[in-house]
Protein chains: 2
Amino acid sequence: MEKIIHRYKGKGFKLTPQRLAILKFLEGNNEHPTADEIYTGLKNDYPTLSVATVYNTIETLRDRGEIAEVTIDPERKHFDPNTTPHHHIICMECKRIADIFEDYTSEIALPQEVVEEFSVAGNHIDFYGVCRECRG
Amino acid sequence: MEKIIHRYKGKGFKLTPQRLAILKFLEGNNEHPTADEIYTGLKNDYPTLSVATVYNTIETLRDRGEIAEVTIDPERKHFDPNTTPHHHIICMECKRIADIFEDYTSEIALPQEVVEEFSVAGNHIDFYGVCRECRG
DNA sequence: TACTACCTTAGAACAATTCTATTATAATAT
DNA sequence: ATATTATAATAGAATTGTTCTAAGGTAGTA
Ligand SMILES: [Mn+2]
Ligand SMILES: [Mn+2]
Ligand SMILES: [Zn+2]
Ligand SMILES: [Zn+2]
């Protein structure tokens, strides 16, 4: 909380109550919530919060590189406050997304012709599986 | 073409002209088109084709595992007639998607705690870069 | 206080996708 | 061949996720 305030007290980004609430909601949250889940999770405490502000804020944060957009679920976008490069596994049943903190970059060297065609900036691995709970 | 007919002449899937056109459009297509690109690419030759039929068909094909849905582009879904496991790289400028035919599965072993929690079924790597053309 | 820049809000607009009701077609049985 | 049935195609409506717009609101500065 102190850390959040300190972190975002730079110029060009006003720390409004709404933004602070969204940042607090995301801080340390490893559930990879959707925009609607952020909104639903906050609207009781912030009844005047609008869904547009949630989208505005997560878009701003995403553009500033403060949060990451997770594309593993074709149904909707998920957001991740952890921007250190890492990978994800999704349960194909319940759509729960978990983190994988391994750096495989040196293991996944690209073939010559791809390296010649593209300047490669990064990678992200989607793993697919079924979680323990969904296996019963 | 002969191959397509042969392949899909199984029961439970009628090979109608519209479906055949969509299959022909996708066959060997490594551009990873969107639903709209499929529709746009066919509507001159099939003026009565509806966008709903494109969606119906690609959904059916996807559910049957005949085509794959590519999630690398957060903006829209792309489709891929190549269902052999492979990876993709997207140009962050022009959004062009290219194939990477390498199997990294044995290089990207998951940590113990993830394997205990999930039964892993597969993986897909998104690479991000900038293509030669976009670098000028 | 006045000014400026930025933010929030509600709701409209939008684009991608899915659903619905109707009609058409193909496969099967008679 | 004809009738029956099952499935597909169509147009357009509806839905969903997301972005935009216009109207205030608020914080920081002069
Ligand atoms: Mn994560
Ligand atoms: Mn591909
Ligand atoms: Zn699960
Ligand atoms: Zn490019």
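Everything numeric here is computed off the predicted structure, so don't read it as measured data. The chains referred to below are lettered A, B, ... by the order of the sequence lines, with proteins before strands, and numbering in each begins at 1.
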side-chain hydrogen bond (donor to acceptor under 3.5 Å, both in side chains) partners of B:Ser119, counting only residues at least two apart:
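B:Ser119 satisfies side-chain hydrogen bond (donor to acceptor under 3.5 Å, both in side chains) with no residue once adjacent residues are dropped.
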
Which residues satisfy the side-chain hydrogen bond (donor to acceptor under 3.5 Å, both in side chains) test with A:His88, sequence neighbours excluded?
A:His32, A:Asp80, A:His86, A:Asp99, A:His124

Please convert DNA chain D into dot-bracket. A pair counts if it is Watson-Crick or G-U wobble with both distances under 3.5 Å; crossing pairs go in [ ] and bases paired with another strand get |.
||||||||||||||||||||||||||||||

Using a 4.0 Å heavy-atom cut-off to protein, can you give one letter per nucleotide of nucleotides 18-30 of chain D, 5' to 3': B if the base is in contact, S if only the sugar-phosphate is, - if neither?
BBB----------

What contact category does B:Thr53 fall into here, base, sugar-phosphate, or nothing, at under 4.0 angstrom with non-hydrogen atoms?
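It contacts base atoms.
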
Does any part of the side chain of [Y], heavy atoms only, come nearer than 4.5 Å to the side chain of [X], both counted from C-beta?
X: B:Leu23; Y: B:Leu61; value: yes
X: B:Ile38; Y: B:Ile58; value: yes
X: A:His87; Y: B:Ile108; value: no

Side chain to side chain contact (heavy atoms under 4.5 Å, CB included) partners of B:Pro85, counting only residues at least two apart:
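B:Pro85 satisfies side chain to side chain contact (heavy atoms under 4.5 Å, CB included) with no residue once adjacent residues are dropped.
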
Value in whole Å for how far the [atom2] atom of [N] lies from [atom1] of [X]:
X: B:Leu61; N: D:dA8; atom1: CG; atom2: C1'; value: 13 Å
X: A:Leu23; N: C:dC7; atom1: CG; atom2: C1'; value: 14 Å
X: B:Ile38; N: C:dA16; atom1: CD1; atom2: C1'; value: 14 Å
X: B:Arg19; N: D:dT10; atom1: CZ; atom2: C1'; value: 14 Å
X: B:Leu49; N: D:dG12; atom1: CG; atom2: P; value: 15 Å
X: B:Glu69; N: C:dA16; atom1: CD; atom2: C1'; value: 12 Å
X: B:Leu42; N: D:dT10; atom1: CG; atom2: C1'; value: 16 Å
X: A:Leu15; N: C:dC6; atom1: CG; atom2: P; value: 16 Å

Under the salt bridge (charged side-chain N to carboxylate O under 4.0 Å, His left out) definition, can you give me all pairs with a residue in residues 114-136 of chain A, not counting sequence neighbours?
A:Glu117-B:Arg96, A:Glu117-B:Arg132, A:Arg132-B:Glu117

Shortest side-chain distance from B:Thr16, nucleotide among C:dT9, C:dC7, D:dA9:
D:dA9

Counting only side-chain N and O atoms of A:Gln18, is one of them less than 4.0 Å from OP1 or OP2 of C:dT9?
yes

Taking only the side-chain nitrogens and oxygens of B:Thr48, find out if one of them lies under 4.0 Å from OP1 or OP2 of D:dT10.
yes

Locate the shortest heavy-atom distance separating B:Phe127 from A:Asn123; write the atom from each residue and the value.
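For B:Phe127 and A:Asn123, the tightest heavy-atom pair comes out as CD2-CB, 3.7 Å.
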
Side-chain H-bond candidate by donor/acceptor type, A:Thr34 with A:Asp36, under 3.5 Å:
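A:Thr34 vs A:Asp36: no donor-acceptor pair found between side chains.
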
